[in-house]
Protein chains: 4
Amino acid sequence: MTAPDAADLKRDQILAAASRVIAERGYHATNIADIARELGAGHGTFYRYFKNKHDIAVQAVDRAMRRIAEALADEPPEVATSLDEYRAQVTRIAHRLFDLVIAEPVVARLFFFEAAAINRERAERFHAALDDLGSFTAAYIRNGQRRGFLRAEVDPEVIGLALNGVILAGAARMLRVSDPAAERDRWVDSVLTLMFHGLAS
Amino acid sequence: MTAPDAADLKRDQILAAASRVIAERGYHATNIADIARELGAGHGTFYRYFKNKHDIAVQAVDRAMRRIAEALADEPPEVATSLDEYRAQVTRIAHRLFDLVIAEPVVARLFFFEAAAINRERAERFHAALDDLGSFTAAYIRNGQRRGFLRAEVDPEVIGLALNGVILAGAARMLRVSDPAAERDRWVDSVLTLMFHGLAS
Amino acid sequence: MTAPDAADLKRDQILAAASRVIAERGYHATNIADIARELGAGHGTFYRYFKNKHDIAVQAVDRAMRRIAEALADEPPEVATSLDEYRAQVTRIAHRLFDLVIAEPVVARLFFFEAAAINRERAERFHAALDDLGSFTAAYIRNGQRRGFLRAEVDPEVIGLALNGVILAGAARMLRVSDPAAERDRWVDSVLTLMFHGLAS
Amino acid sequence: MTAPDAADLKRDQILAAASRVIAERGYHATNIADIARELGAGHGTFYRYFKNKHDIAVQAVDRAMRRIAEALADEPPEVATSLDEYRAQVTRIAHRLFDLVIAEPVVARLFFFEAAAINRERAERFHAALDDLGSFTAAYIRNGQRRGFLRAEVDPEVIGLALNGVILAGAARMLRVSDPAAERDRWVDSVLTLMFHGLAS
DNA sequence: AATGAATGAGTATTCATTCAT
DNA sequence: CATGAATGAATACTCATTCAT
């Protein structure tokens, strides 16, 4: 366990400032002068800590992707032994993600709007990460099918990606509403009903 | 009804060429020279038909957004009178969207990857369009609730956006697989089950 | 035989302007704005004809090296059959070089002062070119030795490089005097005496 | 006579380190970080002993020019009273220069390749120094002419510069060959023959 | 005295846009 | 109408120099 030194701190400050600016204006509309102004430092200072503009953006985005993935993939997919346990697990995951989005909109904006915006190579990586999240969700589904509390006839990979879509739509929504806490609860209720019991009355 | 003249044709050719290039390389990585090469014409020609690079991209993206919205919102939300009719309607809509994505990947890529990439103002517009689609889907849900064949306790707006998320995740998936027709059928089957009956066994 | 088109002409104009500025200020002190000003054109124009500043300088210097080498190596080393013929040949070569230096000081300055100044790689190339010129001069010496009108005991390669040194010292001198034509004649007289008969009285 | 204190020593160490790096990479490709690394000290240390990068380079080059000039101009031009004495003198001078080049390639490279590379003002100074060396050599010639053992009809200034050219070509050669001691002897033999007796057989 | 983190002036290069032909 | 040569505003990046510690 090494103590973070002054250089690491400075690095983090720059990364935080760059994250704010990129989240605010978008990667392509952000220039080095904007980041310098946000931090209150000279341009040259960045280039002591980051190779170039692309490098800063990639690290900001990667950090955001890691934070989001951690919120979504924090617990093992095999532990739920009943529908109720799984429902509780899904509820926890949804709350974790939504709370992260509400507490750190910069992280969320980097993930949703900038991760794929830097260039083609980064977009591919973003989609690969979404596929991974889908596969991770699929593992939960498979666990439920194996244990008999989830329908056997659905395709776990398809459902994994579909639920990804639902949860990402919800998270993106949290960024756009004035009272995100209320919105979060409306989402969790309705989506859990949809997910477990369907819309048919 | 005016007949399309030569100028309109040329315009469409340029728009098609620009769409292909932007879908291929992304808005920010595309330059006028790329589009000129794709069309086999001089740079100056664009500026006779479009105000500037931003203008071309906006029109290409708007056209793509219109095509996707048409596929999703082709039929009136109030016509289904039973669960079976609604299920058939949903199936038709999903097929229309997926088939469009498969047949015209350029349109799909513009919608999914470029609509929000041009600048902040366009990103807002893209999200507003997604919200509109969500409201449109919500109208179907409300119709089903009013007629009694869909659960009354779910929030139609939430479900509208959530189903948006599912269908967009599916459509994005179609762009990334080698056999999209098979993928489409897997998706429709599993997602309809999820949507109407839920995952609980 | 293709006619030079407008693009070739423009290229040559830019190369000439860059040559003048680089000869005047030196490669490292020259910036693109200087060259633009000299030609009366925008910066961007250069980048239509040359890859970058390095590329312009290399082409200017290479052209200068070719012109100097042509002046020095214009006639075959084996033709002189007697001392008088060789002396006439040396006189012609010296005059050609000195006249070139006098008529085109820009070419001369590029050769003497800039060819090795761009970077290490170009300096190596410059010294390799000097070695080649030395070997070429050595061929004249060997011809004279074979035919018996030049001393057999001197090392042709050494003499080739030594005479290079003499002639380059003279050419560099032409660039620095106010009456180069008179200087040229003084040089040719004294150096021919040195070269063929030595200093010992 | 003041004893060199610690500060003078440090100064010399920095000058030596800078000389090595500049000789290795060239003035314009050398940056302060390179010199700091070579010395194992911080950037700021230089600025306690030298005004700036230009100042360090100028002092390194000036020292090299002094060392070369000392080797060439170590003995008075008037002492030789006969051809044999002069020939011995020339031989000594050539050996001194060549041995210096072989023993201290850093000094030689600074003199040959960097003295004129810093900027125009330094290039002028370098050429003025070469002119001075030429005048110094001319004094030897004039001594020989006065005493009657060298040809009266050659122009001493021209011959001074021409012999400069020969000896510099030779010294530059020493830097480029794998066995410089053998090369030195080949040069001295052939060049003395050329110089005193000429090439005509 | 020594250091090296911080700085920002300076510069090469790109590329959307114009307009003379 | 069509062209593409010319343009220069805009911007990322470097590196000599300073100065607080």
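So that the names make sense, note that chain A is the first sequence line, chain B the second, and so on, each numbered from 1. Note that these values count all heavy atoms, side chains included, but never hydrogens, waters or copies made by symmetry. A quick note: this is a predicted structure, and the numbers were derived from the prediction, not measured.
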- Please lay out, stage by stage, how C:R25 and D:R120 fare under the test side chain to side chain contact (heavy atoms under 4.5 Å, CB included). CA-CA 7 Å; C:R25 313 166 85 88; D:R120 272 295 119 103; 5.6 Å; no
- Steps toward side chain to side chain contact (heavy atoms under 4.5 Å, CB included) verdict (C:I32, C:Y47): CA-CA 10 Å; C:I32 297 296; C:Y47 290 92; 3.6 Å; yes
- Message: Show, in sequence, the C-alpha distance, side-chain angles and deciding distance for B:T45 and B:K10, and conclude whether the side chain to side chain contact (heavy atoms under 4.5 Å, CB included) test is met.
- Response: CA-CA 10 Å; B:T45 305; B:K10 186 84 179 202; 4.0 Å; yes
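Note on residues 57-66 of chain A: pairs passing salt bridge (charged side-chain N to carboxylate O under 4.0 Å, His left out), not counting sequence neighbours, are A:D62-A:R122.
Residues passing the ring-ring contact (aromatic ring centres under 6.0 Å, His included) test with D:F46, sequence neighbours excluded: none. In this structure, the ring-ring contact (aromatic ring centres under 6.0 Å, His included) partners of D:F113, at least two apart in sequence or on a different chain, are C:H127. Scored by the ring-ring contact (aromatic ring centres under 6.0 Å, His included) test, B:Y49 finds no partners at all (sequence neighbours excluded). Among residues two or more places apart in sequence or in another chain, the side chain to side chain contact (heavy atoms under 4.5 Å, CB included) test is passed with C:F50 by C:R11, C:I14, C:L15, C:D55, C:I56, C:Q59. With sequence neighbours left out, D:F126 forms a ring-ring contact (aromatic ring centres under 6.0 Å, His included) with D:F111.
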In residues 35-43 of chain B, what donor-acceptor pairs under 3.5 Å come from side-chain atoms, sequence neighbours left out?
residue: B:R37; atom: NH1; partner: B:D34; partner atom: OD1; Å: 3.4
residue: B:E38; atom: OE2; partner: B:R20; partner atom: NE; Å: 2.6
residue: B:E38; atom: OE2; partner: B:R20; partner atom: NH2; Å: 3.2

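Listed by residue number, the members of residues 41-60 of chain C with any heavy atom below 4.0 angstrom from DNA chain F are C:A41, C:G42, C:H43, C:G44, C:T45, C:R48, C:Y49. DNA chain E is contacted by no residue of residues 12-28 of chain C, taking any non-hydrogen atom closer than 4.0 Å. Within residues 29-39 of chain D, the residues approaching DNA chain F are D:T30, D:N31, D:I32, by heavy-atom distance under 4.0 Å.
Of all nucleotides in DNA chain F having an atom under 4.0 Å from a heavy atom of chain D, the first and last in 5' to 3' order are F:dA16 to F:dT18.
Taking 4.5 Å as the limit, every side-chain heavy atom of B:V106 sits out of range of all side-chain heavy atoms of B:E24. Using a 4.5 Å heavy-atom threshold, the side chains of B:K53 and B:Y27 count as touching.
When base pairs are accepted only as Watson-Crick or G-U wobble with both N-N or N-O distances under 3.5 Å, DNA chain E takes part in stems of 3 or more pairs at E:2-21 with F:2-21.
Heavy atoms from other residues, nucleotides or ligands lying under 6.0 Å from CD of C:Q13 number more than 12.
Without hydrogens or angle criteria, A:R109 side chain to A:S19 main chain gives no donor-acceptor distance under 3.5 Å. A donor-acceptor pair under 3.5 Å is absent between the side-chain atoms of D:H28 and the main chain of C:A117, judged by distance alone.
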